[in-house]
Amino acid sequence: MSQTLIQARIKVLSSHVANQIAAGEVVERPLSVVKELIENSLDAGATEIDVEVEQGGIRLIRVKDNGSGIHKDDLALSLKRHATSKISSSEDLHKLMSLGFRGEALPSIASISRIEIRSANNGDEHAWLVRCDGKDHIEEPEPVGHPLGTSVEVRDLFFNTPGRRKFLKAEKTEFSHIETLFKRIALSRFDVAFSLSHNQRVIHKLPVANSDEQKLKRVSLICGKGFVDCALQIDFSAGGLRLAGWIAQPTFSRSQPDMQYFYVNGRNIKDKVVTHAIRQAYQDVLFHGRHPVYVLYLEIDPMLVDVNVHPTKHEVRFRDSRSIHDFIYRVLRDTIARKIAVSGSDSAEYQGQHSEPQSAGSYYSSISAEQKPGFQNFSQHSIPLKVQEQIRNYSNLYIAGSDSDSSAEDSGSGMPPLGYALAQIQGVYILAENLHGLIIVDMHAAHERITYERLKKAFTEDTIRSQPLLVPITINVSEAEVKLAEKQQQLFESLGFNVEPMGKESLVIRQVPSILRESDVEQLLRDVLSDISMHGETKRVLEEINSIFSTMACHGSIRANRKLTVPEMNALLRDMERTERSGQCNHGRPTWVQMSMSQLDKLFLRGQ
Ligand code: ADP
Ligand code: MG
C-alpha cells in the first residue's frame, strides 16, 4: 500500500471529493447542518425561522426563512465551494459582521446528503429550486412556488458515506443535540421568531420578543419558569464593556452545567475564562458540585475579541482576558451580594414548600459578615449542661428524626466521642465539649452526610419509606421532561416518589420519601430529572443513584443558619457517631474538627 502512495503523482482532487473532505470538518452530525442553515438564515436578515426535523435530523432537516433570498443566478453557485456573498476581499475578514463567510457549508452538506434549495429573491418574479444528490453535477434551477425567503431541505444525511452514518446516535439523542443548539441560538436573537418541530410535532414556538417582558417570557420558555422566578436581572457597563442578562440566585442551581448561556457580541460561546469568572462569583454561595444557571450577554469592541478561532467550536479569544475575567467576576459577585444583602423575603417565594424560612441570602451573609453579633445563644448554654438528662429527653427533634438507641461511649467515661453540645454559632457551627476538648461541627455538612448514608442504606435494603403530600405539588417542566418522568416512574417509585404527568408540560408530585418531606421537593425533582436525562435511562448503576442521593441529601439537609436547640444538636452529634464516614460531607469537606485542650492552651500561650 505504501508503495503506491509513494509513487503516485500529485493531482488536484475533484470538487466532489474536496467537498466530502470539508464535510468531514463542517458536518459532524445533524446538529451541524441545522446550525449552518440557521446561521445562513440569520445572515440573510430573516425575522422568522422555522426548523423542521424528522428522525433526529437523519431523515430530514428543513430550515425555512423569510430572509433576503438567493438570486436565481446564484442558486447553483451557492452549492459551490468557496462561493460566498459575505466577503469579497481579505480586508472584509477583519470587519466581519456575518456568522458565515467561508462558503463551505452548503457545498459540504450537499456532498453528503440530498439537498433542495427553494428561494425567492426580491428581484425575481417567482421562486426557483435547485437540487443536488450528493454528486458534483447541479441541474439548472426550475421555477417553484415559495414566498420571499429561502427553504433549504436536507434529506438522508450521510446516505453516501455509510461509514459516517454508523457513528450517529439514536434519533432521540441527535434531536436533543439539535434542541440544545436551537435554544442557544434562540436566546441570541430575540428579534427573530423561531420554531422547532420534530416528527411533525411542534416542540418550541417562540414569537419575536421586543419588550423586557417578552424577552423574559422567551427565557422562561427555554429555561423554565423556575429560573425566571428567581432570576436576578443584570445590566452593567464600564470601560467599554457591557454585561447584561439574567443569573439565578444561588438557591436555584443545577446538578449539571446544562443551563448556562453566554454570548459575546451576540454569539454563543464556551470559554474557560468566562466560565471561571462566573464560578468564582458564585464560589461562596454555591455548594460544591452544583452549577450556576445564567443567560448572559457580553458586549465588547469587536477589535478586542476574535470569535472565529474555530469554525464549529464556540471559542473566542479575548485580547485582554484578564480584564474580561475581572469585569464579569465583579459584576456577578456584586449582583449576588447586593441581592443577598437585601433578600430574605423575596427568595422565600422560590423556596415554596421549603421548611426553613432562611434564604440562601442569610446563609451567605452569615458566612461573610464579620460584624454581626452572633452570641445570642451562647450565654444561655455556656454553663456546663446536664447533658445526660437532656439526651434522655430528646425525641426526634431535629429535622431528619433520630433513633433513640444508646450511643457510643468513650471508653467507659460515659462521655460520647463527639461530646455534648454547648452552643451554636451564627447558625453554622455547633460547639461541643468532649473528653479531649472542643469539637466544632459544620452542621449542614454533617447532616448532609448522615442523610446521604441513610438514603444509601435504605435503598440497598429497599425500605425507602414514602409519604403522601397533603397538598400535591405541581411543577412546570418541558414536554421532554414530562415524557422522561413518565418513562422513569419505576425509578421514581424506587426512590420513594410518586410523580405523574399532569398535562403536556407539568408534573404533579403526590408522594415523597419521608426522609425528604421537609426539603425543597420541586428543585429536587428538577435536578433528578436532569440527572436522569444526562446519565441516560439505562445505566442506573449505584454510582448514579448515589449521586442522586447526594443531590437529595444536599437539599434535604439542615440549611446553615437554622437555629437548633441543644437537644437537637446533641441528637445530631449522636447520629454522626452512628453514621459511617460521618467525618466528611459528601463533597469531601470535613464535617467536624477536634481542638484538644493542648491546642487550646497553645492559643493562649498557657504553660509555655
Ligand atoms: P457562507 O455562509 O460561508 O457564505 P454557505 O455555503 O453557508 O457559505 O452559503 C453560501 C452562500 O449561499 C451564502 O454566502 C449566501 O449568499 C447564500 N445563502 C445560503 N443560505 C441562504 C439563505 N437562507 N438566504 C439567503 N442566502 C443564502
Ligand atoms: Mg453559511
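Each ligand, and each atom within it, is numbered from 1 in the order the structure gives. Scope of the values below: all heavy atoms of this structure, side chains included, with no hydrogens, waters or symmetry mates. From a predicted model like this one, the values you see are computed outputs, not experimental measurements.
Residue, atom and distance of the protein heavy atom nearest to atom 2 (O) of ligand 1 are K86 NZ, 2.6 Å. For atom 17 (C) of ligand 1, the closest non-hydrogen atom on the protein side is I70 CD1, 4.0 Å. In terms of protein heavy-atom proximity, atom 8 (O) of ligand 1 is closest to G103 CA, 3.1 Å. S85 OG, 3.4 Å is the protein heavy atom nearest to atom 15 (C) of ligand 1. Distance from atom 6 (O) of ligand 1 to its nearest protein heavy atom, with residue and atom name: L106 N, 2.9 Å. In terms of protein heavy-atom proximity, atom 4 (O) of ligand 1 is nearest to T84 OG1, 2.6 Å. The nearest protein atom to atom 10 (C) of ligand 1, hydrogens excluded, is given as A83 O, 3.6 Å; this is a heavy-atom distance.
Classification of R189 and D191 as a salt-bridged pair holds, one side-chain N sitting under 4.0 Å from a carboxylate O. A salt bridge links K35 to E39: one of the charged nitrogens lies within less than 4.0 Å of a carboxylate oxygen. Taking 4.0 Å as the cut-off between side-chain N and carboxylate O, K169 and E174 do not count as a salt-bridged pair.
Assignment of P107 to the shell around ligand 1 is supported, since a heavy atom sits closer than 4.0 Å. For the pair G67 and ligand 1, no heavy-atom separation below 4.0 Å is found.
With 3.5 Å as the limit, one finds no donor-acceptor pair spanning the side chains of N476 and S506. For H198 and E179, the side-chain atoms include no donor-acceptor pair closer than 3.5 Å. S323 and D326 share no donor-acceptor pair across their side chains, judged by distance under 3.5 Å alone. A donor-acceptor pair shorter than 3.5 Å cannot be found between the side chains of S68 and N122. Side chains of S253 and H291: a donor-acceptor N/O pair is absent below 3.5 angstrom, by distance only. Residues Q200 and E52 bring no donor and acceptor atom of their side chains to less than 3.5 Å of each other.
Of the residues listed (I203, T173, V33, L31), the one engaging I178 in a side-chain contact (heavy atoms from CB on, under 4.5 Å) is L31, and it is the only one.
In this structure, F182 has its ring center closer than 6.0 angstrom to the ring center of H204.
The backbone N or O of S188 lies less than 3.5 Å from no partner atom in the side chain of Y261, so there is not a single donor-acceptor pair.
Between A105 and ligand 1, a contact under 3.5 Å exists for at least one N or O pair. Considering backbone and side-chain atoms alike, E36 places every N or O at 3.5 Å or more from each N or O of ligand 1. At under 3.5 Å, not a single nitrogen or oxygen of A44, backbone or side chain, sits near a nitrogen or oxygen of ligand 1.
The heavy atom nearest to atom 20 (N) of ligand 1, considering only N40, N121, T150, is found in N40. Nearest to atom 23 (N) of ligand 1 by heavy atom, out of I117, V63, D65, is D65.
The S78 neighbourhood of ligand 1 comprises atoms 10 (C), 12 (O), with distances under 4.0 Å to a heavy atom of that residue. Using a 4.0 Å cut-off to heavy atoms of G69, the atoms of ligand 1 that qualify are 25 (C).
Ring geometry, W128 versus H126: the interplanar angle falls from 30° to 60°, so the pair is classed tilted.
Proximity of F327 to L298: side-chain heavy atoms (C-beta onward) are separated by under 4.5 Å at one or more points.
Within the sub-2.8 Å shell of the Mg ion (ligand 2), the protein contributes these N/O/S atoms: N40 OD1.
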